[in-house]
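A quick write-up on the structure given underneath.
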Amino acid sequence: MNSAGPHSAYEEKIRDAVQRVLSRNISGLKTLEDIALDFGATPKETIYSKDSMRLYHYTPTTDEVYRVPVLLVMSLVSRYYILDLAPDQSLVRFLLDSGFDVYLVDWGIPRPEHSEFTLDYYVGEALPECIEEVKADSGEDSVALVGYCLGGTLAMMTTALCPDDSVHALACFTTPVDSNGMRLYKAWAESKSFDIDELVEELGNIPAQFIDAMIQALRPLQKTAGRMGMLDNVLNDKFVEAHYRFERWSSDHIPMTGGTARQLFNDFLRDNKLLKNQLEIKGQRVDLKNITVPFMHIAALHDHIVPAAASKGIIDLVGSEDKKEITLKGGHVSLVAGGNAVYRLWPQLSDWLSERCV
Amino acid sequence: MTDDQGEPFLEPMRMWREWYQRSEKQWSEALTDIMADEKFGKTWGRMFQEWLHAQHMMAELIGQQLAALNMPSRSDILSIRDRVGEMEDSVSALTAEIVQLRQQMKKTATTNAEKPPSGVKRTRKPAAKKTPVDETGKTEASSVAPKTSGDSESAAMP
């Protein structure tokens, strides 16, 4: 074809466009191929196991660690590896490299025989046992708890009920305590048309797909928008890699035990009992004012899952004298595992813990 | 961004994508408002109950047909998954026991050396100087941070 005249400019543009599309596809395929299953890869040992729950101890990366060990508590509906997403995108690794002795509670995937597990099991049994195991393993008499999302709520309840000084400090991120701030879930919980008991009776545990759908309902078009953003950045390998890692994690939810779902739905969402200090664990009332250890809560500015309103006033609920609440840029997940977490949340957490874990 | 930014040639979809991304939050909020409405809740609740019954009936019906064909049903596969889960739990419990035994042996061996079980010194102190980070977490370094999927408010993850 002759390329003289005004057509040549168009031919050039068409050629460029075709090349660009091809290189995007090749780049996309290459990235898919290159992304190994390297999540949760930081070296660790399972030091305690009960039902589907695992307690991991990460191998310290420094010769000298802070005296008080740090126990990370995950949410009940998310896989633990968001805190150890990739070798260069890992809160766990950051804490290790900062000189902490790090442990993590992974709740695992509940099975039908666990469907009766309620918060009594998680808060009144499993988490206190994990704390005792960490104490025994580290040789220390207390631990610092760090809870993410619902894991933060579990950690707060456990600390409030802790009879001794086993909890040395408590840090939570994006932790819901006030269901009035969770408008959609609150509306569902208050609706007479939705019968949680029938759902639990029929299904046993709430399936992971259902949990995923509930989270998607909070921002129904976000996933598609994210994928479009990925298309615009397909030549940016780092962006694509991070996108796929998040996509994989965000579609990897875990079922919630029927008993816990029923309790959260009725006591937490509908009746807001935690905020009113009326929630009971094994017959014992949870009064958040009993939390007197150093406390920090970190909220995310763009969090739509646990909006600021759902954790508003958290600082006033606890009885600690040393307490702090900060809001950082980011969404519910990018706060803990996004590309900028290393400049935002991680150093804040590390600095706060380092002053209290000596 | 890619090198073709600002070059809409042959990329009409790009403009649409950009519009979608910009307006996604508003559309999502509108949809969430609808879902929070009691009328929607009633309809959805009824549909959901019907779906539960239908699913129960279908599972029974298909299960019978698959059994007649000597093929496993979904619930059969799920029960195998649960069995595997049970085995994983057992292996994990054994692993934890072995780790604890090893720890105890190490502890016994190093009793005189007065070393903690993990073998690391627990004497670290916080550094005197820290990088100042403001409430939005912005430091000088963050302005040169590479753009990644996780930074975006409208990224794919929650």
Side-chain angles (χ1 to χ4, degrees), chain A residues 13 17 20 45-49 52 54 60 63-67 99 111-112 139 183-184 187-188 191 193-194 202 215 217-223 225-229 235 238-239 242-243 246-247 250 302 305 326 328-329 331-334 337-340 343-344 347-348 351 354-355 358, chain B residues 1-4 9-10 14 17 20-21 24 27-28 31-32 35-36 38 41-42 44-46 48-49 52 56 82 85 89 92-93 95-96 99-100 103 116-118 120-126 130-131 133 135-137 139 141-142 145-158:
Chain A
K13 283 192 170 181
R20 203 163 52 233
E45 279 182 329
T46 307
I47 62 160
Y48 181 60
S49 169
S52 62
R54 311 275 186 273
D63 293 334
E64 192 183 23
V65 295
Y66 291 104
R67 183 181 67 79
R111 296 191 298 278
R183 205 167 55 89
L184 182 61
W188 286 351
S191 167
S193 328
F194 185 74
E202 184 64 39
I215 291 172
L218 293 167
R219 196 105 173 241
L221 305 174
Q222 192 199 31
K223 211 164 194 168
R227 284 173 183 162
M228 287 179 173
L235 292 181
K238 271 200 170 301
F239 188 98
H243 177 86
F246 275 115
E247 277 254 315
S250 66
H302 303 298
I305 295 175
I326 48 176
L328 298 177
K329 267 188 177 178
H332 188 74
V333 184
S334 61
N340 276 336
Y343 306 106
R344 292 173 185 159
Q348 291 270 11
D351 288 351
S354 68
E355 285 165 14
V358 287
Chain B
M1 275 287 171
T2 54
D3 55 355
D4 57 344
F9 181 74
L10 284 182
R14 186 191 184 98
R17 285 203 302 266
Y20 186 97
Q21 283 174 291
E24 174 272 324
W27 284 109
S28 285
L31 286 170
T32 305
M35 285 189 277
E38 178 59 27
K42 263 186 191 165
W44 183 76
R46 200 174 54 242
F48 192 72
Q49 310 290 358
L52 274 179
H56 189 79
D82 293 337
D89 287 357
S92 192
T95 310
V99 168
Q100 287 196 345
Q103 290 278 60
S118 59
V120 291
K121 285 184 280 180
R122 313 188 74 86
T123 49
R124 195 178 182 100
K125 298 278 180 269
K130 289 179 210 77
T131 315
V133 183
E135 291 292 283
T136 55
T139 62
S142 65
K147 186 182 179 190
T148 69
S149 174
D151 296 333
S152 166
E153 190 203 337
S154 60
M157 70 292 168

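Fair warning: this is a prediction, and the values are worked out from it, not measured in the lab.
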Would you mind reporting whether A/Lys329 and A/Asn340 have side-chain heavy atoms less than 4.5 Å apart?
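Answer no - side chains too far apart.
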Does this structure show an ion pair linking B/Glu24 with A/Arg219, if we count only N-O contacts that are shorter than 4.0 Å?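 A/Arg219 and B/Glu24: salt-bridged.
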Flag, side chain of A/Ser191 to backbone of A/Ala187, donor-acceptor distance under 3.5 Å:
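No, the answer is negative, given that no donor and acceptor are paired below the 3.5 Å cut-off.
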**Prompt:** Is the side chain of B/Trp27 donor-acceptor paired with the backbone N or O of A/Pro220 at a distance under 3.5 Å, no angle test?
**Reply:**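 No: the side chain of B/Trp27 does not pair with the backbone of A/Pro220.
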Check whether A/Arg54 gets within reach of chain B through its side chain, its backbone, both or neither, counting any heavy atom under 4.5 Å.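 Contact with chain B is through the side chain of A/Arg54 alone.
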Worksheet entry | Contacting moiety of A/Ile47, where chain B heavy atoms sit under 4.5 Å |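 Both backbone and side chain.
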In terms of heavy-atom pairs under 4.5 Å with chain A, which of B/Thr95, B/Asp89, B/Val99 leads?
->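 Ranked by heavy-atom pairs under 4.5 Å with chain A, first place is B/Asp89.
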